[in-house]
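In this chain, numbering begins with 1 at the start of the sequence shown.
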Amino acid sequence: MNLLSGAAPRLSAVPGPGTELDQVLALTSMEPVLRLPADVFREEAAQRMYRPEWTWAAWGPDGRVLARALWWGQSDSAHPIALDCLAVADEVPATERVALAAALLDAGHQSFREAGAEAPPLYNLMKLPGSWQDDPEHVAAVAWRQEATRRAGLTVEVERLQFEWTPEVPLPAEPERLVFSPEPDDEVFLQALLRVAEGTLDAHTVESEAANGPEATARASLQFYLDRPGKRDWWRLAHTRDGALVGLAIPSATPYSRNVGYLGVVPQLRGRGYVSEILAAITRFQAEDGADRITATTDLGNRPMAAAFTRAGYRTTEVRLIFSEPLD
């Protein structure tokens, strides 16, 4: 690689607090994409959501920080879950950004594999406006990141919509046709997950089922929500008043807010408005339990789910691009 002065950059994880970390956090860029504020990084690093071994930088021969990659995980995560910030200094020529960023990602991924991670973390490119594709500056900022992540093996791309409900919006009406009941048996919930996943429009579920099969995919989804900060006893199955299974509701949480989590309707009962009733039940539960903000995401292509969020008073707050390694 022939970068800037002609010498290859040094790629390394950043030690704990000190001059090098200060330099990495001070890297600036005029690009119109999310830049993680230094104070947020330090606050969450104190909770082990950012860690020295997950914080990588490229250094020029003169000691300048040329690029940074900041991976994030939960406080108890064994390995990072997502790349939160990928940035290159403005002085790096546009023709060299892709190669530099890809090399930095490769170095980080190799380190995570050596530490026991089975796959590289996904890259979560957040805070894009809904009209980002109409803005040349956003398009350019996204384009080099897309190519760098592809070179680093994250070749699956999904565009997702982020939604939010806040108490200024009236709560959706209480469901009238459904009965919601707890189900402590994970295997019963697994069977419900398998049923509601049939014909899903969720891109990750479709990919996972093609690579691993429906049951393994459902078990992975079950474990994912068991590992989240939400509580298992929040989960509910939804039935008609005569006892037929309609779907399920898995209210959940992140380290930052309550969220909708997972919901679904069995194929034979779709198109009857039940998804709105299940979403209403989740929203009302979270709000009545004190949530002052409820978030949710769905794929851009899942138009029925996006429409249900809008009907329930959720507003679109951002677009996210999710890059991941193919499951096969």
Side-chain angles (χ1 to χ4, degrees), residues 74 81 118-119 122 156 158 160 172 174-254 258-286 289 294-299 301-309 312 322 324 327-328:
Q74 294 185 165
I81 294 172
E118 295 183 0
L122 58 82
V156 177
V158 176
R160 294 180 67 81
E174 189 168 356
E176 296 181 349
R177 297 179 295 168
L178 298 179
V179 176
F180 293 87
S181 57
E183 175 48 68
D185 189 336
D186 287 350
E187 287 301 311
V188 174
F189 242 97
L190 177 72
Q191 294 306 311
L193 275 168
L194 282 166
R195 290 185 64 185
V196 303
E198 294 175 24
T200 181
L201 296 176
D202 181 79
H204 175 76
T205 302
V206 171
E207 182 195 16
S208 180
E209 288 187 348
N212 303 314
E215 182 169 343
T217 298
R219 288 193 181 280
S221 294
L222 192 77
Q223 191 60 51
F224 176 86
Y225 286 102
L226 287 170
D227 290 341
R228 300 283 75 77
K231 297 180 181 179
R232 174 63 175 83
D233 60 13
W234 296 350
W235 300 11
R236 295 292 185 271
L237 293 180
H239 294 85
T240 61
R241 296 194 177 277
D242 59 4
L245 177 68
V246 172
L248 53 80
I250 303 181
S252 191
T254 72
R258 294 290 187 93
N259 66 18
V260 169
Y262 189 102
L263 71 156
V265 174
V266 297
Q268 62 270 30
L269 295 179
R270 291 174 187 158
R272 306 185 188 187
Y274 286 129
V275 67
S276 291
E277 292 201 25
I278 296 175
L279 177 58
I282 292 174
T283 305
R284 295 178 68 89
F285 164 76
Q286 297 282 39
D289 202 43
I294 307 169
T295 61
T297 61
T298 193
D299 292 354
N302 193 345
R303 298 188 185 279
M305 193 67 247
F309 285 129
I322 312 297
S324 59
L327 294 178
D328 58 355

Mind listing the closest non-hydrogen atom pair of [X] and [Y] along with its distance?
| X | Y | result |
| --- | --- | --- |
| Ala238 | Leu178 | CB-CD1, 4.2 Å |
| Thr298 | Phe309 | CB-CE1, 4.1 Å |
| Asn259 | Ala253 | OD1-N, 3.3 Å |
| Ile278 | Gly247 | CD1-CA, 4.2 Å |

Heavy-atom distance under 4.5 Å between the side chains of [X] and [Y], does that happen here?
| X | Y | value |
| --- | --- | --- |
| Asp299 | Leu201 | no |
| Arg219 | Leu190 | yes |
| Arg232 | Asp186 | yes |
| Pro251 | Arg258 | no |
| Thr240 | Arg177 | no |
| Asn302 | Pro304 | yes |
| Val265 | Val196 | no |
| Arg228 | Gln74 | yes |

Is it true that Arg284 and Asp289 make a salt bridge, defined as a side-chain N closer than 4.0 Å to a carboxylate O? no
Does Arg236 pair with Glu183 as a salt bridge, N-O distance under 4.0 Å? no
If I take atom [atom1] from residue [X] and atom [atom2] from residue [Y], how far apart are they, to the nearest 0.5 angstrom?
| X | Y | atom1 | atom2 | value |
| --- | --- | --- | --- | --- |
| Leu237 | Gln191 | CG | CD | 11.5 Å |
| Glu198 | Leu193 | CD | CG | 12.0 Å |
| Phe189 | Tyr262 | CZ | OH | 11.0 Å |
| Thr217 | Leu194 | OG1 | CG | 9.0 Å |
| Ser252 | Lys231 | OG | NZ | 12.5 Å |
| Leu263 | Glu277 | CG | CD | 12.5 Å |

Checking side chain to side chain contact (heavy atoms under 4.5 Å, CB included) for the pair Arg241/Val179: CA distance, chi angles, key distance, verdict? CA-CA 6 Å; Arg241 296 194 177 277; Val179 176; 3.8 Å; yes
Glu215 vs Glu209, side chain to side chain contact (heavy atoms under 4.5 Å, CB included): CA-CA, chis, key distance, verdict: CA-CA 8 Å; Glu215 182 169 343; Glu209 288 187 348; over 6 Å; no
If you count the non-hydrogen atoms of other residues, nucleotides and ligands that lie under 6.0 Å from CZ in Arg303, is the total more than 12? no
Could you please spell out the steps behind the side-chain hydrogen bond (donor to acceptor under 3.5 Å, both in side chains) verdict for Arg160 and Thr297? CA-CA 6 Å; Arg160 294 180 67 81; Thr297 61; 2.7 Å; yes
Show your reasoning for whether side chain to side chain contact (heavy atoms under 4.5 Å, CB included) applies to Thr295 and Val260. CA-CA 6 Å; Thr295 61; Val260 169; over 6 Å; no
Give the C-alpha distance, both sets of side-chain angles, the deciding distance and a yes or no for side chain to side chain contact (heavy atoms under 4.5 Å, CB included) between Trp235 and Leu226. CA-CA 10 Å; Trp235 300 11; Leu226 287 170; 3.8 Å; yes
For Thr200 and Asp202, run side-chain hydrogen bond (donor to acceptor under 3.5 Å, both in side chains): C-alpha distance rounded to whole Å, both residues' side-chain angles, the deciding distance at 0.1 Å, then the answer. CA-CA 5 Å; Thr200 181; Asp202 181 79; 5.3 Å; no
With ring pair (Phe, Tyr, Trp, His ring centres under 6.0 Å) as the test, pick out the partner of Trp234 among Tyr225, Phe285, Phe180. Phe285
